[in-house]
Amino acid sequence: MSIYLDQAATSYPKAPGVAQAVYESLTSESANANRSSYASAVRSSRLLYRVRKQLSTYFDFPHPDRILLSSGATESLNLVIRGTVPHGGSVLVSPMEHNAVSRVLTDLYEQYHCTITSMEADTFGFPDLDAFARQLDLLSPDLTVFTGESNVTGTIFPIAEMIELLEARGLSYCIDGAQLTGDIPVGLQAMHHGAFCCSAHKGLLAPTGVGILLLGSELDPKPLIHGGTGSQSDSDRQPDILPDRYESGTPNIHGITGLQAALTYLIAHSRRLYAQKREISDHLYAQLQQFPDIRIHSPEHGRGSVISWTHARLSVSDIAAVFDREQVAQRMGMHCAPWAHHHIGTYEGGGTIRFSTGSETTREEIDHLIDLMRRHGL
């Protein structure tokens with residue numbers, strides 16, 4: 001019996017209808033969008049329009065023309081951060097960031113002498129909102145960057161409250177929503193000076209290779225990539241119109257077709273899926289608490305579908321080897337987030353074991369996992 005508990009890396013299974021939609025896209029005439037007037041080219045252009053409308057509904061974000069499609073959350077984060085922070089600028093950032101943020105900021109620090117300041121947070125990475133407000137007033141940063149949910153601890157950030165504080169001050173911000181999306185409802189109607197970045201292949205249950213960027217009306221980063229857009233083709237300058245300004249090159253029509261199918265399913269069933277994810281994650285957390293040698297590094301409450309833990313006697317690599325033999329898919333190590341491991345105290349030990357559940361994970365699978373762990377003396 002194989003058990004898939006690496007949903008935080010990429011979801012499995014994908015939403016119903018995704019595989020068939022991608023197959024039909026690959027085996028039919030799927031032309032480039034926004035380039036020509038023949039039938040299949042028009043269909044591709046309409047696909048992009050429909051997906052933006054669906055994303056607008058899913059995220060309660062009223063500006064479909066400011067919903068951009070990229071190759072992944074990493075590209076979207078790079079676009080916002082590099083396109084917003086000036087040389088010598090300042091950034092306020094949480095200590096729980098993924099390398100898609102931390103490596104970009106390290107480069108800005110080393111190459112462009114930017115100032116990087118860390119937010120105050122508790123042992124699970126949850127930010128201190130009073131201290132956050134004081135730091136905003138003291139620093140007035142060019143950009144504030146924070147995750148919506150830690151991919152190490154599963155800690156869910158209070159993004160509504162943080163957005164309110166940032167909007168009241170007219171400060172630019174960027175939210176890494178890669179882990180949060182699909183775990184809880186996300187409403188971004190109040191976002192004007194910020195951006196929200198996520199990927200299609202995690203909580204949205206869609207194929208890899210598609211990223212999403214929701215760009216507030218008062219944020220205008222410089223484009224990361226320049227090239228063909230199908231618009232203003234007589235000019236050698238990047239268009240100013242959105243979404244073309246940020247979408248150079250050929251879009252991933254096949255992956256976006258899969259995203260459309262996934263969104264159709266999610267919009268219809270999201271309330272049930274959120275509840276199922278919550279129930280199964282809580283069941284797993286409660287079962288792990290019964291092991292005296294296991295230290296859980298995720299909060300019991302205010303947590304998404306990610307649970308990280310370490311063992312008093314065994315290394316994370318030894319534990320992962322057991323799970324690999326038993327066909328339990330999990331994540332071992334740093335999870336591409338060394339800042340977070342420094343913060344929670346697991347860096348020197350090589351990181352954590354990470355379980356991440358999905359809406360299709362069953363109680364039977366969790367109970368089988370727990371029995372397996374007992375048999376191996378964990």
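Hydrogens, waters and symmetry mates play no part in the numbers below; they use all other heavy atoms, side chains included.
- Taken together through direct or relayed side-chain contacts under 4.5 Å among Ile, Leu, Val, Met, Phe, Trp and Tyr, V101 and F146 form parts of separate hydrophobic clusters.
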Show the atom names and distances, to 0.1 Å, of all donor-acceptor pairs under 3.5 Å that link a side chain in residues 109-124 to residues at least two apart or in another chain.
{"unit_1": "D122", "atom_1": "OD1", "unit_2": "F124", "atom_2": "N", "d": "2.9"}
{"unit_1": "D122", "atom_1": "OD1", "unit_2": "G125", "atom_2": "N", "d": "3.0"}
{"unit_1": "D122", "atom_1": "OD1", "unit_2": "F126", "atom_2": "N", "d": "2.9"}

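- Side chains of T147 and H98: no donor on one and acceptor on the other come within 3.5 Å.
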Side-chain atoms of residues 188-208: list all donor-acceptor pairs with protein atoms under 3.5 Å, sequence neighbours left out, distances to 0.1 Å.
{"unit_1": "H193", "atom_1": "ND1", "unit_2": "E167", "atom_2": "OE1", "d": "2.7"}
{"unit_1": "H201", "atom_1": "NE2", "unit_2": "A9", "atom_2": "O", "d": "3.2"}
{"unit_1": "K202", "atom_1": "NZ", "unit_2": "A8", "atom_2": "O", "d": "3.2"}

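- Considering CD of Q330 and CE of M332, their distance stands at 7.5 Å, rounded to 0.5 Å.
- Under the 30°/60° scheme for interplanar angles, the aromatic rings of H63 and F61 are found to stand perpendicular.
- Between Q290 and R374, the side chains place a donor N or O and an acceptor N or O closer than 3.5 Å (distance only, hydrogens not considered).
- Side-chain contact of S25 with H254: a donor-acceptor pair under 3.5 Å is present, judged by distance alone.
- Under 3.5 Å, the side chains of S71 and E75 contain a donor-acceptor pair of N or O atoms.
- In the hydrophobic clustering, where aliphatic and aromatic side chains (Ile, Leu, Val, Met, Phe, Trp, Tyr) are joined below 4.5 Å either directly or transitively, V18 groups with V22, L26.
- Cluster partners of I225, by chain and number: L68, L79, V80, L213, L215, L219, L224, L242, Y246. The rule joins Ile, Leu, Val, Met, Phe, Trp and Tyr whenever side-chain heavy atoms lie under 4.5 Å apart.
- Neither side chain, Q232 nor S235, offers a donor N or O lying under 3.5 Å from an acceptor on the other.
- Side-chain atoms of R50 and Q54 form no donor-acceptor pair, as typed in the model, at a separation below 3.5 Å.
- Other members of the hydrophobic cluster containing Y347, listed by chain and number, are M334; membership follows side-chain contacts under 4.5 Å among ILVMFWY residues, whether direct or relayed.
- Open room surrounds CD on E348; 12 or fewer heavy atoms of other groups in view lie less than 6.0 Å from it.
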Check your understanding: When you look at W309 and F291, which way does the ring pair (Phe, Tyr, Trp, His ring centres under 6.0 Å) test go after all the steps?
Key -> CA-CA 11 Å; W309 55 277; F291 291 82; 7.9 Å; no
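- Side-chain contact, S70 with S76: a donor N or O sits under 3.5 Å from an acceptor N or O.
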Residues 311-318, side-chain donor-acceptor partners within the protein, below 3.5 Å, at least two apart:
{"unit_1": "H311", "atom_1": "ND1", "unit_2": "R313", "atom_2": "N", "d": "3.0"}
{"unit_1": "H311", "atom_1": "ND1", "unit_2": "L314", "atom_2": "N", "d": "3.3"}
{"unit_1": "H311", "atom_1": "NE2", "unit_2": "L378", "atom_2": "O", "d": "2.8"}
{"unit_1": "R313", "atom_1": "NE", "unit_2": "D293", "atom_2": "OD2", "d": "3.0"}
{"unit_1": "R313", "atom_1": "NH2", "unit_2": "D293", "atom_2": "OD2", "d": "3.3"}
{"unit_1": "R313", "atom_1": "NH2", "unit_2": "G377", "atom_2": "O", "d": "3.0"}
{"unit_1": "S315", "atom_1": "OG", "unit_2": "S317", "atom_2": "OG", "d": "3.1"}
{"unit_1": "S315", "atom_1": "OG", "unit_2": "D318", "atom_2": "N", "d": "3.1"}
{"unit_1": "S315", "atom_1": "OG", "unit_2": "D318", "atom_2": "OD2", "d": "3.2"}

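- Side-chain N/O atoms of S356 and R331 include no donor and acceptor closer than 3.5 Å.
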